[in-house]
Amino acid sequence: MGMSQQVIDEVMEIVKKRNPNEPEFHQAVMEVFESLKPAIEKHPEFVEAGILHRIIEPDRQVIFRVPWVDDQGRVQVNRGYRVQFNNAIGPYKGGLRFHPSVNLGIMKFLAFEQTFKNSLTGLPIGGGKGGSDFDPKGKSDGEVMRFCQSFMTELYRHVGADVDVPAGDIGVGSREIGYMYGQYKRITTLYNGVFTGKGLTYGGSLGRKEATGYGLLYFLEEMLKEKGQTIAGKTVIVSGSGNVAIYAVEKAQQLGARVVAMSDSNGYVYDPEGIKLNTVKQIKEIERKRIKAYVEHHPSAQYHEGSKGIWSIKCDIALPCATQNEIDGESAGKLVANGVLAVAEGANMPSTPEAIKTFQDNKVLFGPAKAANAGGVATSALEMSQNSMRCSWTFEEVDARLKNIMVTIYRQVSRAAREYGCEDDLVTGANIAGFLKVAEAMMAQGIV
Ligand SMILES: NC(=O)C1=CN([C@@H]2O[C@H](COP(=O)(O)OP(=O)(O)OC[C@H]3O[C@@H](n4cnc5c(N)ncnc54)[C@H](O)[C@@H]3O)[C@@H](O)[C@H]2O)C=CC1
Ligand SMILES: O=C(O)CCC(=O)C(=O)O
């Protein structure tokens, strides 16, 4: 057994022992570490300096009580989290997720992934993530506001424009960011860039709302270009119908694709004529209803219960944009049997290890989340820059920068794959390229 395999086994052992009952965290660490073998062989100094042992341990994990009062006057209690994983290359940066499934292991996997993703953007941002098991679904605006105010009443002391800058994720959009920002400002009296994804009237950046979805398509364009293919004319399915999914569909359609399906956690819609995105925006961004409502507007479309069924639809390109582990080995097998050409991950860790293996064994072009969905956080960093400079760029300026960043990430990732002997394996390329920068920054800063 090589030296690198030994260290990897040892570190994985520690991860499992120290973080029991956190399968998503184990999965995320395993995926990264399995790719790192060639990089570790080349850099024994990282092992000597304990980089691998240090990089799996978050700098800080904050867990707190979030009490609030619902519309019936009842006291409710949720749990809040912020995991500040690694700030070797910049202030902690990463979204907040409000979803009943949130637990420490999910927060940790997301914050770990975020560290390497943020490194790939080339911008000075470290990795963090947070959230709560609060479910905004079915809550009134007043309830959401009271929850957000209570959440911020604790979180404010752990964040700051140069310390830790949260943003949105599942269940956290412009409404929630607005309430949290308002409470932060009220407590601290600071008017600064402590959040990204802010509204355009109070310091938000044009293009941030669209950035993750658009960035995903810019990355996919590069993946296809390398193989002499384009997005135009392709049949695409997109899971989810939230922020990432909606703007992935918008850009796919602008680039000439035919998007035939979207989903939410209850089920999916199939519209062979092509998804009418204005209807989805109305249902999801304004009315906050289920995707099922789509068929009331377009009777030619079909609705099916169960979100997993979307992967049985024949397509050229699949874009998972909902949540972790939404494509398992069986669903990946169906996509492959139907001749899928490319899969690019808009969500974080949407493919299980079995699914990734199925895609790679069958030569499906595969764009891993860390690289493919980095456009959101990259544009958040552009929002931070604009806030620091007290200026705002045009949509065109931000979008051009986003595109440039995604093309650069693609080149960096595919170059790393080639250099380390895994041509076309963008999973390995992204993990190695993301890791090297964080590791070098940690080396430079001593044992901390
Ligand atoms: N918002 C952002 O800028 C970024 C988000 N991401 C990731 O993209 C994914 C989607 O996030 P957003 O669009 O921001 O959230 P969102 O709250 O706007 O939308 C989430 C969508 O996923 C669906 N969903 C949630 N849980 C599900 C489940 N268990 N099964 C099936 N569908 C489910 C929801 O119904 C909804 O359509 C997440 O994995 C998030 O971590 C990644 C990079 C940046
Ligand atoms: O924009 C941000 O800071 C967060 C984006 C995010 O949560 C992610 O990349 O998963």
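Whatever order the structure lists ligands and atoms in, that order sets their numbers, starting from 1. Numbers here simply count residues along the sequence, with the first being 1.
Residue K93 places at least one N or O, backbone or side chain, under 3.5 Å from an N or O of ligand 2. Backbone and side-chain nitrogen or oxygen atoms of G168 are examined, and none is located within less than 3.5 angstrom of a nitrogen or oxygen of ligand 1. Looking at V165 next to ligand 2, no N or O pair under 3.5 Å apart turns up. Polar contact with ligand 1: present for S241 (N/O pair, distance under 3.5 Å).
For atom 31 (C) of ligand 1, the candidate residues are A248, G94, G375, S265; the nearest heavy-atom contact is made by S265. Nearest to atom 10 (C) of ligand 1 by heavy atom, out of G240, G242, A322, is A322. The residue from D264, N348, I170, I291 that puts a heavy atom closest to atom 6 (N) of ligand 1 is N348.
Salt-bridge annotation for E354 and K357: absent, with no side-chain N of the basic residue lying under 4.0 Å from a carboxylate O of the acidic one. Remark: K289 does not engage E296 in a salt bridge, criterion side-chain N to carboxylate O under 4.0 Å. Taking a cutoff of 4.0 Å between a charged side-chain nitrogen and a carboxylate oxygen, E221 and K403 qualify as a salt bridge. The residues R157 and E154 are annotated as salt-bridged, a charged nitrogen and a carboxylate oxygen being separated by less than 4.0 angstrom. Ionic pairing of D169 and R97 is present here: one or more N-O contacts between side-chain nitrogen and carboxylate oxygen are shorter than 4.0 angstrom.
Look at R97 and you'll find every heavy atom at least 4.0 Å from all atoms of ligand 2. Assignment of G173 to the shell around ligand 1 is not supported, since no heavy atom sits closer than 4.0 Å. Using 4.0 Å as the threshold, M349 has no heavy atom nearer than that to any atom of ligand 1. By the 4.0 Å heavy-atom criterion, G95 is excluded from the residues contacting ligand 1. Look at K284 and you'll find every heavy atom at least 4.0 Å from all atoms of ligand 1. Every heavy atom of E113 sits 4.0 Å or more from the atoms of ligand 2.
The 12-atom threshold is not exceeded at NZ of K292, counting heavy atoms of other residues, nucleotides or ligands nearer than 6.0 Å. Taking a 6.0 Å sphere around CZ of R79, one finds it holds 12 or fewer heavy atoms contributed by other residues, nucleotides or ligands. The number of heavy-atom neighbours closer than 6.0 Å to CG of D71, taken from other residues, nucleotides and ligands shown, is above 12. Within a 6.0 Å sphere centred on CG of D162, heavy atoms belonging to other residues, nucleotides or ligands number 12 at most.
Regarding atom 28 (C) of ligand 1, its nearest protein heavy-atom neighbour is T323 CG2, 3.5 Å. T212 OG1, 3.4 Å is the protein heavy atom nearest to atom 2 (C) of ligand 1.
Atom numbering of ligand 1 starts at 1 in the shown order; those under 4.0 Å from a heavy atom of A347 are 7 (C), 8 (O), 9 (C), 39 (O). Atoms of ligand 1 lying under 4.0 Å from any heavy atom of N373, numbered from 1 in the order shown and given with element: 42 (C), 43 (C). Taking a cut-off of under 4.0 Å to the non-hydrogen atoms of C321, the atoms of ligand 1 that pass are 9 (C), 10 (C). Here is the list of ligand 1 atoms found below 4.0 Å of a heavy atom in R208: 2 (C), 3 (O). Every atom of ligand 1 is numbered from 1 in the order shown, and the set under 4.0 Å from a heavy atom of G346 is 6 (N), 7 (C), 8 (O), 42 (C). Distances below 4.0 Å separate heavy atoms of G171 from the following atoms of ligand 1: 17 (O). Close approach of ligand 1 to R97 is summarised as follows: ligand atoms under 4.0 Å from at least one heavy atom of the residue are 38 (C), 39 (O), 40 (C), 41 (O). Per-residue contacts place S307 under 4.0 angstrom from the following atoms of ligand 1 (heavy atoms of the residue considered): 31 (C).
Minimum interatomic distance between N431 and L36 (heavy atoms only, all atoms of both residues): O-CD2, 3.8 Å.
Relative orientation of the F98 and F151 rings is perpendicular, given thresholds of 30° and 60° on the angle between their planes.
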